[in-house]
Amino acid sequence: MSTTTITKNPTIVSIFSGCGGLDLGFHQEGYKTIWANDFAEWAVESFRANFGDVIHLKDITKIDPYTDKSIPDCDVVLGGFPCQDFSIIWKQPGLNGTRGGLFRHFAEFVDAKKPKAFIAENVKGLLTANDGKAIDTIIKDFESIAPGYLVKPHLYNFAEYGVPQFRERVLFVGVRLDTGFNFIHPKPTHGPNADRPYFTAGEALVGVEKVPYNNEHINIKEKTRQMLSLIPEGGNFTDIPKDNPLYVKGMISHVYRRIKLDEPAKTIIAAGGGGTWGYHYPEPRPLTNRERARLQSFPDDFVFKGSVTEVRRQIGNAVPPEGVRAVARRLMPLFTGDYTPVDLMPEYEKMKKMTVKERLEYVSSEMI
């Protein structure tokens with residue numbers, strides 16, 4: 001049994017918080033956010049409405065966590081640093097982009113607060129950004145923070161953890177070496193190789209029409225309705241016959257994509273022009289924001305603030321709360337003291353010599 005100080009409700013400092021999907025997953029497992037920050041006005045309003053007045057609307061580059069005494073000490077630093085420059089959908093300037101380098105502000109918060117653990121989230125595209133140099137740099141920066149953190153990145157498909165959506169994201173979990181807590185990523189709980197089947201889009205949307213919040217139907221043109229009538233369940237624009245006057249070409253796969261009721265939805269995105277909302281089946285219409293929130297595993301009492309477009313952005317940018325609950329549970333013994341400490345230094349030294357690919361394979365091989 002560890003002699004670590006027992007924490008009843010582990011405290012979180014949350015940055016790049018968005019509307020709070022990552023925080024919510026941890027709150028559902030007994031954690032508590034005591035300070036948060038984001039620079040998107042309506043995301044901050046949504047966070048405040050659901051978590052209380054602990055969030056601050058401010059540019060992260062204008063905050064110095066070393067000198068700002070209003071930022072409390074915490075058990076966990078949590079956040080999804082901006083991902084646009086690492087996304088596989090768009091170009092990948094990565095660490096050379098104006099947003100990609102913002103991860104260093106996350107590292108500064110960890111360095112200033114010395115939490116027992118940190119969790120950072122990003123898109124799958126980070127694995128290949130800058131020919132793999134981006135993630136290698138990020139890991140090395142995290143590892144260099146005194147007194148030392150054992151950093152274990154893993155690519156999650158949140159559908160494998162109870163989210164009704166195929167959504168792949170990288171989670172970095174760093175644990176302070178002096179805690180002696182050997183964090184191991186949790187194995188999938190849902191899917192063909194797990195104990196439970198996937199939670200499907202059809203199951204997730206049962207009764208959604210009764211939810212009074214963020215459930216507005218979006219006006220669409222008659223032409224769009226006709227296009228959708230040509231697209232089967234689970235299909236997209238490529239299903240429109242090429243000889244049909246409504247045929248379109250040169251688009252990416254999520255355009256005019258309709259849900260498939262017996263499997264998780266494809267990835268919900270935050271923004272985009274015509275055809276990118278995600279579309280219902282059997283009804284020929286865009287998904288409402290509440291339906292999108294259901295597919296992101298937000299509970300119905302989580303109310304989003306802002307216009308329909310702003311709410312869409314918040315939902316699409318969020319981490320599905322249900323997807324990170326297993327990680328939050330796996331970390332909890334670090335704060336309750338219910339674990340036997342081990343010497344993490346040998347594993348730390350071993351992992352520092354690994355390539356990113358070797359590290360990812362190693363982390364996956366030890367999952368339980």
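As the structure is a computational prediction, the values presented were derived from the model and not from experiment. Starting from 1, each residue takes its place in the sequence as its number.
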In Å, rounded to the nearest 0.5 Å, how long is the span from CG of Asp111 to CZ of Arg104? 14.0 Å
Tell me whether the count of non-hydrogen atoms from other residues, nucleotides or ligands lying under 6.0 Å of CG in Asp131 goes above 12. no
Who passes ring-ring contact (aromatic ring centres under 6.0 Å, His included) against Phe16, sequence neighbours left out? none
Taken to the nearest 0.5 Å, the spacing of Asp73 CG from Lys114 NZ works out to 11.5 Å
After noting the C-alpha distance and the side-chain angles of Glu45 and Lys305, does the key distance pass the salt bridge (charged side-chain N to carboxylate O under 4.0 Å, His left out) rule? CA-CA 6 Å; Glu45 289 300 316; Lys305 299 294 184 178; over 6 Å; no
Note, Phe118 side chain near Cys74 side chain (heavy atom, < 4.5 Å): no
So how far is it from Phe103 CZ to Asn122 CG, rounded to the nearest 0.5 Å? 10.5 Å
Sorted by chain and number, sequence neighbours left out, side-chain contact (heavy atoms from CB on, under 4.5 Å) with Leu261 holds for Glu233, Ile259, Tyr281
Give the cluster check for Phe47 versus Trp42: same hydrophobic cluster or not, with ILVMFWY residues linked at side-chain heavy-atom distances below 4.5 Å. no
Minimum heavy-atom distance between Leu246 and Gln226, given as atom pair plus value: CD1-CB, 3.7 Å
More than 12 non-hydrogen atoms from neighbouring residues, nucleotides or ligands closer than 6.0 Å to OH on Tyr362, yes or no? yes
Ignoring hydrogens and geometry, is there a side-chain-to-backbone donor-acceptor pair from Arg258 to His280 under 3.5 Å? yes
Pairwise side-chain contact, Ile15 with Phe106, heavy-atom cut-off 4.5 Å (strictly under): yes
Quick one: closest heavy-atom pair of Cys19 and Phe51, and the distance? O-CE1, 3.8 Å
Mind checking side-chain contact (heavy atoms from CB on, under 4.5 Å) for Gln165 and listing every partner two or more places apart, or none if nothing turns up? Val163, Arg167, Thr267, Ile268, Gln296
If you draw a 6.0 Å radius around NZ in Lys32, do more than 12 non-hydrogen atoms from other residues or ligands fall strictly inside? no
Indicate whether the side chain of Lys152 and that of Asn182 have a donor and an acceptor atom separated by less than 3.5 Å. yes
Do any N or O atoms from the side chain of Arg329 and from the backbone of Glu29 form a donor-acceptor pair under 3.5 angstrom? no
Would you say Phe81 and Phe172 make side-chain contact, with heavy atoms under 4.5 Å? yes
Ignoring hydrogens and geometry, is there a side-chain-to-backbone donor-acceptor pair from Asn236 to His254 under 3.5 Å? no
Determine yes or no for a side-chain-to-main-chain donor-acceptor pair under 3.5 angstrom, with Arg285 supplying the side chain and His217 the backbone. no
Donor-acceptor contact below 3.5 Å, side chain Arg330 vs main chain Ile184: yes
Kindly write out the residues that satisfy ring-ring contact (aromatic ring centres under 6.0 Å, His included) with Phe181, not counting sequence neighbours, or none if the list is empty. Tyr339
Counting only N and O atoms by type, is there a donor-acceptor contact under 3.5 Å from the side chain of Tyr161 to the main-chain atoms of Val327? no
Residues in side-chain contact (heavy atoms from CB on, under 4.5 Å) with Asp68, at least two apart? Ile63, Ser70, Ile71
Phe183 vs His185, ring pair (Phe, Tyr, Trp, His ring centres under 6.0 Å): CA-CA, chis, key distance, verdict: CA-CA 7 Å; Phe183 174 83; His185 284 276; 4.9 Å; yes
Which pairs count as salt bridge (Lys or Arg N to Asp or Glu O under 4.0 Å) when at least one residue sits in residues 194-205, sequence neighbours excluded? none
Apply side-chain contact (heavy atoms from CB on, under 4.5 Å) to Pro241 and list each qualifying residue two or more places apart in sequence or on a separate chain. Asp243, Asn244
With the threshold set at 4.0 Å, does a side-chain nitrogen-carboxylate oxygen contact exist between Arg313 and Glu310? yes
Looking at every heavy atom in both Asp343 and Pro346, which two are closest together, and how far apart are they? O-CD, 3.4 Å
Quick check against the 3.5 Å criterion: does Asn37 have a side-chain atom that pairs as donor or acceptor with the backbone of Lys58? yes
Taking atom types as modelled, find out whether Thr200 and Asp262 have a side-chain donor-acceptor pair closer than 3.5 angstrom. no
Could you tell me if the side chain of Val255 sits less than 4.5 Å from the side chain of Val248, heavy atoms only? no
Could you go through the side-chain contact (heavy atoms from CB on, under 4.5 Å) check for Val324 and Leu24 one step at a time? CA-CA 9 Å; Val324 296; Leu24 180 59; over 6 Å; no
ring-ring contact (aromatic ring centres under 6.0 Å, His included) pairs, two or more places apart, involving residues 55-75: Trp35-His56
Any link between Ile252 and Phe237 through a network of hydrophobic side chains (Ile, Leu, Val, Met, Phe, Trp, Tyr) touching at under 4.5 Å? yes
Kindly say whether Ile269 contributes a backbone atom to a donor-acceptor pair with the side chain of Arg292 at under 3.5 angstrom? yes
Which residues pass the ring-ring contact (aromatic ring centres under 6.0 Å, His included) test with Phe166, sequence neighbours left out? Tyr198
Working to the nearest 0.5 Å, report the span between CG of Leu150 and CG of Leu344. 5.5 Å
Specify whether His154 and Tyr156 have parallel, tilted or perpendicular ring planes, treating 30° as the upper limit for parallel and 60° as the lower limit for perpendicular. perpendicular
Atom OG1 in Thr288, atom OH in Tyr213: separation rounded to 0.5 Å? 15.0 Å
Pair Arg325 + Glu322: basic N to acidic O under 4.0 Å: yes
Using a 3.5 Å distance criterion without hydrogens, assess whether the side chain of Arg290 forms a donor-acceptor pair with backbone atoms of Glu216. no
Determine yes or no for a side-chain-to-main-chain donor-acceptor pair under 3.5 angstrom, with Asn289 supplying the side chain and Val311 the backbone. no
Test of understanding: clusters of I, L, V, M, F, W, Y form through side-chain heavy atoms closer than 4.5 Å, transitively. Do Val208 and Leu295 belong to the same one? yes
Can you name the residues that form a side chain to side chain donor-acceptor pair (under 3.5 Å) with Asp53, not counting sequence neighbours? Arg48
Reported CD1-to-CZ distance for the pair Ile315 and Phe304, which is rounded to 0.5 angstrom: 4.0 Å
Reference residue Phe335; test side-chain contact (heavy atoms from CB on, under 4.5 Å); the match among Asp75, Asn9, Thr179, Thr11: Asp75
How would you list, by chain and number, every residue that makes a salt bridge (Lys or Arg N to Asp or Glu O under 4.0 Å) with Lys187, sequence neighbours excluded? none
Looking at residues at least two apart in the chain, or sitting in another chain, which of them share a side chain to side chain donor-acceptor pair (under 3.5 Å) with Arg312? Thr276
